[in-house]
Amino acid sequence: VTYNTLINAYCREGLFEEAFQLMNAMSSKGLKPGVLTYNSLINGLCKKGRSDRAKEFVNEMLRMGLSPDTTTYNALLVDKCRKDKSLEAEEILNEMSSRGISPDLVTFSSLISVFARNGQLDRALTYFRDMKNAGLVPDNVAYTALINGYCRNGLMLEALKMRDKMLEQGCIMDVVSYNIILDGLCRMKMLADGDKLFNEMVERRVFPDFYTFTILIHGHCKAGNMDKALSLFDIMTQKSIKPDIVTYNTLIDGFCKVGEMQKANEL
RNA sequence: ACCCUUGGUGUGGA
């Protein structure tokens, strides 16, 4: 467990040389790297954009007589989903099923997410159904990924219906769920509803983060409400939520579009 | 049993 933790830490940082050394140290002590160790390594490689290397380690696992599990394949599949390579993600799903490895909530959420983002809501819905047919109980992440699909298509009524369903099933609205719906409302210029939802969020002690504020600031910038956008920016800093580069870009872009180059410069 | 690995959100004419 100690080795795994260290190897995982190195992999997260992209320090693969150190991780490899540890793996060698392990085997010289007669400890065999297990599935967990490989999973950490494979995950780290994927996150650093080295999915080619990751794939090689999956093969190495097989050679060593280890069985890659759902987490192993999820690491590869999630990587494809993040890069919007939905077809390749589906290939991995097929490979999983041909090896008899069952997809889990992570697998399905990732697939739902990629199709929802890309405007292929029908496909996202299909996977949502498949997930339930597989006997899995959708959690708030799975629901939220799907809700994002409705939001991206401007189907806010459907999105809100799905949120209600999610709550009925006992799932919680967390900060990401709120952010996604807020973003949907803002995109549809339903800023008043956005503000209402934002208040609800605060009342329910779901703490807004810098995504939340950037989404709202963006909405108000697009609507030309630069005063409102600035006041949100102030609230944000008062709450010591650090605006990041995206927040600044959003505001600067907003001021430029309104022709207030001075204010853009002041930021 | 628990622990270690995997999933959902924001800006920029792309």
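In what follows, chains carry the letters A, B, and so on, assigned in the order in which the sequence lines appear, proteins first and then strands, with residues in each chain numbered from 1.
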Ignoring hydrogens and angles, are the base of [N] and the side chain of [X] linked by a donor-acceptor pair under 3.5 Å?
X      : N     : result
A/S109 : B/G7  : yes
A/S113 : B/G8  : no
A/S177 : B/G8  : yes
A/D244 : B/G10 : yes
A/D174 : B/G8  : yes
A/N43  : B/U5  : no

Just do the ring pair (Phe, Tyr, Trp, His ring centres under 6.0 Å) check on A/Y248 and A/F233 with the steps written out, would you?
-> CA-CA 9 Å; A/Y248 282 108; A/F233 182 78; 5.7 Å; yes
Are [X] and [N] close enough that a side-chain N or O sits under 4.0 Å from OP1 or OP2?
X      : N     : result
A/R82  : B/U9  : no
A/K222 : B/G12 : yes
A/R152 : B/G10 : yes
A/K47  : B/G7  : yes

Of the options [options], whose atoms approach the side-chain atoms of [X] most closely?
X      : options           : answer
A/D253 : B/U5, B/G8, B/G12 : B/G12
A/A145 : B/U11, B/U6, B/G8 : B/G8
A/K257 : B/G13, B/U9, B/G7 : B/G13
A/N74  : B/G8, B/U5, B/U6  : B/U6

Tested for side-chain hydrogen bond (donor to acceptor under 3.5 Å, both in side chains) against A/T214, the lone hit among A/T247, A/N249, A/D183 is A/T247
With distance as the sole test, does A/R152 use its side chain to make a donor-acceptor pair with the main-chain N or O of A/L121 at under 3.5 Å?
-> no
Tell me: CE of A/M173 to C1' of B/U9, nearest whole Å?
-> 12 Å
Ring centroid separation A/F198 to A/F213 under 6.0 Å | yes
For A/F20, the side chain to side chain contact (heavy atoms under 4.5 Å, CB included) test, sequence neighbours excluded, returns A/F16, A/E17, A/L41, A/R53, A/F57
